[in-house]
Every structure is written in structure tokens, then in C-alpha cells.
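Order of appearance sets the numbers: ligands from 1, and atoms from 1 within every ligand. Throughout, numbering of the chain's residues begins at 1 and tracks the sequence.
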Amino acid sequence: MAISSAAVLLHYVPAALVLSAVYAITLGIYRVYLSPLSHIPGPKLAAATRWYELYYDAYKVGKYYFEIEKMHEKYGPIVRITPFEVHISDPAYYNELYNMKLRLHKDPWYYSWLFRPGSIFATMNPDLHKLRSAPIKKGLSPASILRVDHVLKEHLSRLTLRIQEHRDRGQPINMTDAYRALATDIVTDISCPESLHLLDKPGMGHEFHESIANYTMFAIWNRHFTWIGPLLDSLPRWFVALQGDVALGIIDALIEQEQQAIDVIKNDGKSISTKSFPVIMNEVYTSPDIPPSQKTPRRLFEEISILIGAGSETTSNSLLTTTYHVLANPEILANLQTELRTAFTEQERMDVLSYKQLELLPYLTAIIHEGLRLATGVSGRLPRINKTAPTLYTNPSSHSTYTIPPNTPISMTTRSMHYNAACYPSPTSFQPSRFLAPEDKKESLRWFAPFGRGARSCVGQHLAMAEMYMVIGNLFARWEVRLAEGVDGRDVGMAHECFAPFPEVGRAGVLLDVVG
Ligand code: HEM
């Protein structure tokens with residue numbers, strides 16, 4: 001009697017299952033007891049398999065941050081959080097890890113998340129990063145930001161129009177949408193020949209922002225299953241259209257960005273818009289430091305799409321957190337309004353105040369620092385790798401020194417430092433006074449790193465600061481606004497940590513009543 005091939009296969013299934021189980025158990029035992037990281041404290045399951053992180057971060061959506069916090073409470077300042085990675089929670093060590101001199105690499109596994117390997121954000125090697133980032137740093141330098149002051153003012157005027165419209169209609173304005181639209185419009189204007197102009201769209205691009213946020217949270221799966229990113233990128237437009245208009249809007253925005261990259265290259269880097277300043281896409285293309293092999297449409301597109309992503313959610317979240325806390329604290333609001341009304345005449349306050357005018361104000365400055373601290377626009381754990389030498393870490397309480405072998409990702413989380421009661425007493429409360437008196441300010445700035453530190457710190461920080469001053473300064477100099485009913489701390493709190501902090505799913509956002 002002939003035996004079918006299916007029957008033969010079935011015959012081997014139990015053996016294959018047993019072998020896989022033996023392999024998995026042996027690997028787990030090796031990782032927990034014999035690996036070069038086995039001396040680092042932490043949960044055995046996290047040391048045995050990456051699926052521990054997968055469960056909390058991808059399946060439960062951005063919950064590993066909270067698990068890592070619990071691990072530190074139980075095991076101390078150094079913890080092995082995956083079979084391969086060590087996490088440190090010790091503010092005094094922050095400057096040692098994120099140190100200019102060390103020339104550390106980023107961790108390719110962690111940064112594979114958004115599938116943009118051509119961007120500076122996902123460039124692991126410090127030499128290649130230096131080359132690629134030079135024109136971007138130039139385009140976002142303090143001098144360049146001053147040159148685009150008129151662009152920022154123009155976008156602020158469009159925000160003013162939206163606020164005015166809502167006041168005239170007696171409708172609350174959704175600042176979650178407004179700030180996301182504003183930050184996206186500004187960063188696209190500065191980076192690309194064409195801006196997205198979301199502030200002018202109905203609902204200020206609400207669905208667009210929601211989809212980007214949802215994608216950002218979903219993209220965590222991409223770290224664990226690296227085929228997801230390329231698959232999503234290769235989906236044809238007609239297929240995406242089946243998911244509805246919002247998905248189509250996003251894919252069209254990406255296609256448009258890629259087309260702009262193609263046009264910039266076709267025009268040999270000469271301006272293809274009527275703008276009075278060079279946009280970053282052109283700066284990258286014309287940079288003499290970058291070899292022609294790095295000037296493909298795909299790389300240009302990846303660079304710019306990351307710049308837009310990095311410059312929108314972070315900034316809008318910081319603006320939102322600051323606005324919420326100022327309004328939730330009447331005394332702070334009153335102090336800020338007094339400072340603004342003393343510094344500027346009514347006529348000046350009815351016009352758009354500039355970054356240069358506003359950055360001189362000490363109370364506003366303290367508010368912005370405190371807002372950036374509480375928001376911590378990047379909440380991810382930022383792993384770095386020393387390729388050549390072991391890293392030594394000494395636990396300050398036990399005085400035990402741990403040797404972490406080369407090539408191990410070592411991470412720290414700025415948000416934990418910003419919320420550490422030893423660095424900032426009553427860390428969850430909004431207290432601009434921490435950044436006011438010179439001695440308090442000096443101490444608070446020691447632990448203040450919203451833009452990260454070292455060679456891979458934020459390239460957009462000068463633009464972000466200009467936006468913070470201009471939006472917060474102008475909002476409270478000109479308008480009387482109140483938190484609408486139902487808005488509370490959950491609208492700016494972090495319920496999901498997906499590189500950026502996200503509030504509970506389903507919250508309506510920070511709505512403001514414009515009363516004058
Ligand atoms: C308040 C707003 C912002 C915050 C809190 C923030 C924070 C950060 C942090 C902490 C990093 C380091 C990430 C890492 O180590 O992987 C970073 C990197 C980066 N940021 Fe920002 N950022 C903000 C605004 C912006 C803006 C406006 C832009 C663009 C114009 C931008 C573009 C980038 C880019 C491209 C990187 C990657 C830099 C590199 O790897 O060399 N950011 N940002």
C-alpha cells in the first residue's frame with residue numbers, strides 16, 4: 001500500500017515539535033545561566049526570551065516601560081531587560097552613557113522600528129551619521145531657525161485664525177489636533193518644497209493624526225517581525241485605498257514626499273518652490289559632504305519622512321502638556337499673564353510675538369522647561385552599543401561593579417529621570433519654580449534632557465524651542481482660554497510608551513473654550 005506524502009510529513013511532526021521544544025529550552029537555559037549577561041540581575045523570563053518584551057510592548061501596546069520600572073524597584077539600578085539588553089536607571093550615569101566622546105552606535109534592532117534605514121535617526125554607525133547629519137544640523141541650527149522666523153510667524157497666524165473661528169462660533173477648539181497640525185505644517189514647510197497645510201484642512205487633520213499615532217503604536221511589532229515594515233511599504237495604492245480614505249490620505253502624503261524628492265533630484269537640487277529659504281531636502285541633496293550614492297530618491301524620502309515624524313508628535317505633545325498644566329494651575333496662569341502683559345503692549349500682543357522677544361522672559365522660560373520635563377516627548381529607552389570595549393557600571397548602593405561586554409545594547413530612559421523624586425521632588429506636579437531661581441535652575445538642569453544628550457541628541461531642538469516659546473507665549477499673551485469640561489490629566493498623561501508617550505486610547509484630546 002502506497003503511503004501519501006502528507007502521512008510521511010505527519011509522522012515527523014511530533015519529532016519536530018520535541019526537537020523545537022528541546023532547542024527552545026536549551027537556548028533559554030543558556031541565556032539565563034551561561035550567557036555573558038547572566039550576572040546582570042533581572043527576571044529570568046525576560047533573560048530567556050524576547051517574547052517577554054513582545055508581550056508587553058507589542059501585544060499590550062507600549063507597556064514594557066512600566067514593567068522595566070517595576071524591575072528596577074525589585075532588582076536595583078541595573079537590570080537585564082531582554083536576553084541581549086541591559087537597562088540602567090541611575091541619573092548619575094546618564095552623562096556617562098550619552099557621552100560625545102564614546103562614539104557609541106545605536107542599536108539596530110531597536111531602531112528598525114519605523115523601517116527608515118536611510119535616515120539619520122536609524123543610522124547606527126557614528127561616521128556615517130556624521131556625514132549624513134551635517135546638512136540637517138546646518139538647516140536646523142540656531143542661525144537657520146532665526147532666518148525662518150517669518151515662516152514660524154505665518155504658521156502662528158494660521159493657528160490664531162483657527163482659534164478665532166472657534167471663539168466666534170462658540171465652539172471649543174481641540175488643541176491636540178491644532179498642535180499636531182501646526183507642528184507638522186512647520187516641519188514640512190522647513191523640510192520639503194511643499195508644506196502639508198493641515199491647519200487649513202477640516203478638523204485640522206484629525207483623522208490623519210489619529211492614523212499616524214495608531215501606526216506609531218502598531219509599528220512596535222516591526223521590531224519583532226522585521227518583514228512587516230517592508231511589506232507595508234510595498235502595498236500597492238489600490239490595496240491601501242480599500243482600508244478607507246484616511247489610509248489613502250497617509251499613503252498619498254508619503255507618495256507626495258517621495259515625488260518631491262524625485263523632483264529635487266531632477267532639478268539638480270535647485271529650488272523647486274518659491275520659498276525664500278533653502279529647505280532641508282535640497283540642503284541634503286546639494287551637500288558636498290554626502291556622496292552621490294547617498295542621494296537616491298528613497299534615501300532623501302526616508303530622511304525627510306523621519307524628520308517630519310520626529311518633529312511633529314514630540315513638539316505637539318510638549319506644547320499640549322505645557323498648555324494643559326498652565327491652565328490647570330490658576331496661579332501659574334496668572335503669573336504668566338502678568339509677565340506677558342508687563343513685557344508687551346496690547347498692540348504688540350495682538351500681533352504675533354517672535355521667538356527673540358519671548359525667549360527673554362524668565363517665567364515663560366521656566367514654564368517651558370517644566371512642560372518639556374513633564375512631557376518628555378521621547379519616552380523610549382534609547383539603547384547604545386559600545387562595539388569595541390566593555391562597559392563598567394557600579395551600583396551606587398551595593399558598590400558592586402558589573403562588566404557589560406562589548407556589543408551589548410545599554411539603555412536608559414530620560415522620562416524615568418524626569419520623574420525621579422530624587423531629581424525633582426513631587427515629580428508629577430507642574431512647578432515652573434524649579435527652573436526659576438538660579439540655584440534651583442542649576443540643580444534642575446542637571447537632570448533635564450528632553451532632547452537627549454551626546455552625539456545623537458535631537459537635531460531639531462532649536463526649532464522645537466522656537467515653537468514652544470512662540471506658541472505658549474502668543475497663546476497666553478493674546479487669548480483667554482479655559483480647559484473644556486471633561487478634560488483632565490489623562491489627556492496629557494502617558495498610558496502607552498511607544499517611543500513617544502501616548503494617552504489612553506479613546507480620549508477626545510485637550511479641548512479649550514476660548515472665552516476672550
Ligand atoms: C519638543 C520636541 C522634541 C523633543 C522632546 C525631541 C526629542 C528628541 C530626542 C530625545 C532625540 C534622541 C532620540 C534617540 O536617541 O534615538 C531626538 C532625536 C531626533 N529628533 Fe527630536 N525632539 C523634538 C523635536 C524635534 C524636531 C522639531 C525635529 C525636526 C525638525 C526633530 C528631529 C529629530 C531627529 C531627526 C532625531 C534623530 C537624530 C539623530 O539620530 O541624529 N526633533 N529628538
Side-chain angles (χ1 to χ4, degrees), residues 94 97-100 104-108 110-114 116-141 144-145 148 151-152 155 179-180 182-192 279-281 283-284 302-322 368-369 371-385 409-415 417-418 448-472 499-501:
Y94 197 87
L97 183 62
Y98 301 103
N99 182 323
M100 277 291 196
L104 301 181
H105 286 232
K106 278 188 167 179
D107 172 19
Y110 189 80
Y111 286 96
S112 63
W113 161 67
L114 286 175
R116 294 286 181 261
S119 66
I120 55 165
F121 174 72
T123 301
M124 310 305 148
N125 182 302
D127 296 323
L128 182 58
H129 175 264
K130 196 170 172 203
L131 195 109
R132 284 178 168 176
S133 62
I136 300 180
K137 285 184 175 163
K138 190 174 147 222
L140 292 168
S141 67
S144 300
I145 299 307
V148 294
V151 179
L152 300 183
H155 287 285
Y179 284 159
R180 281 173 164 170
L182 177 81
T184 312
D185 286 353
I186 291 176
V187 69
T188 48
D189 210 358
I190 284 171
S191 319
C192 308
V279 296
I280 292 173
M281 205 186 262
E283 295 276 75
V284 171
E302 288 191 9
E303 198 71 281
I304 297 306
S305 82
I306 279 292
L307 211 57
I308 295 170
S312 46
E313 187 59 39
T314 49
T315 312
S316 55
N317 177 273
S318 306
L319 289 169
L320 200 66
T321 306
T322 312
I368 285 170
H369 279 86
L372 285 165
R373 177 187 76 82
L374 275 185
T376 320
V378 168
S379 49
R381 55 183 201 252
L382 315 184
R384 299 291 187 262
I385 296 178
I410 306 171
S411 49
M412 293 187 74
T413 309
T414 313
R415 193 177 175 97
M417 182 162 77
H418 282 180
F448 181 73
F451 300 111
R453 284 194 187 152
R456 305 306 295 266
S457 62
C458 180
V459 292
Q461 55 188 289
H462 307 295
L463 175 61
M465 285 308 268
E467 291 183 53
M468 292 292 294
Y469 273 96
M470 288 184 76
V471 175
I472 302 298
F499 197 78

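- Look at S133 and you'll find every heavy atom at least 4.0 Å from all atoms of ligand 1.
- Annotation: atom 42 (N) of ligand 1 to nearest protein heavy atom, C458 SG, 3.0 Å.
- Residue Y111 places a heavy atom less than 4.0 Å from ligand 1.
- Contacts between S318 and ligand 1 below 4.0 angstrom, taking non-hydrogen atoms only, involve the side chain exclusively.
- Closest to atom 12 (C) of ligand 1, if we only count protein heavy atoms, is R456 O, 3.6 Å.
- Under 4.0 Å from ligand 1, the heavy atoms of H129 that appear belong solely to its side chain.
- Proximity of L152 to L463: side-chain heavy atoms (C-beta onward) are separated by under 4.5 Å at one or more points.
- The atoms of ligand 1 that sit less than 4.0 Å from any heavy atom of P450 are 5 (C), 7 (C), 10 (C).
- Judged by the shortest distance from any of its heavy atoms, K106 lies inside the 4.0 Å radius around the atoms of ligand 1.
- Contact annotation for L382 and ligand 1: only side-chain heavy atoms (C-beta onward) come within less than 4.0 Å of the ligand.
- Between atom 38 (C) of ligand 1 and the options S457, S379, G454, the minimum heavy-atom separation is to S457.
- In terms of protein heavy-atom proximity, atom 36 (C) of ligand 1 is closest to V459 CG2, 4.2 Å.
- L372 counts as a contact of ligand 1, since one of its heavy atoms falls under 4.0 Å from the ligand.
- Contact atoms of ligand 1 toward V187: 30 (C) (distance under 4.0 Å to a heavy atom of the residue).
- The protein atom (non-hydrogen) at minimum distance from atom 27 (C) of ligand 1 is G311 CA, 3.5 Å.
- Taking every non-hydrogen atom of L307 and a distance limit under 4.0 Å, the qualifying atoms of ligand 1 come out as 29 (C), 35 (C).
- Taking OG1 from T315 and CG from L320, the interatomic distance works out to 12.0 Å, rounded to the nearest 0.5 Å.
- In summary, of the residues considered (V279, L307, V187, I304), a side chain to side chain contact (heavy atoms under 4.5 Å, CB included) with C192 occurs for I304 alone.
- Taking every heavy atom of L463 and a limit of under 4.0 angstrom, the matching atoms of ligand 1 come to 30 (C).
- Within the structure, the closest approach of R384 to ligand 1 falls below 4.0 Å when heavy atoms are considered.
- Residue contact check: A464 has heavy atoms under 4.0 Å from atoms 1 (C), 2 (C), 24 (C) of ligand 1.
- Between the side chains of S144 and S141, at least one donor-acceptor pair of N or O atoms lies under 3.5 Å.
- The parts of T315 lying near ligand 1 are both backbone and side chain, judged by heavy-atom distances below 4.0 Å.
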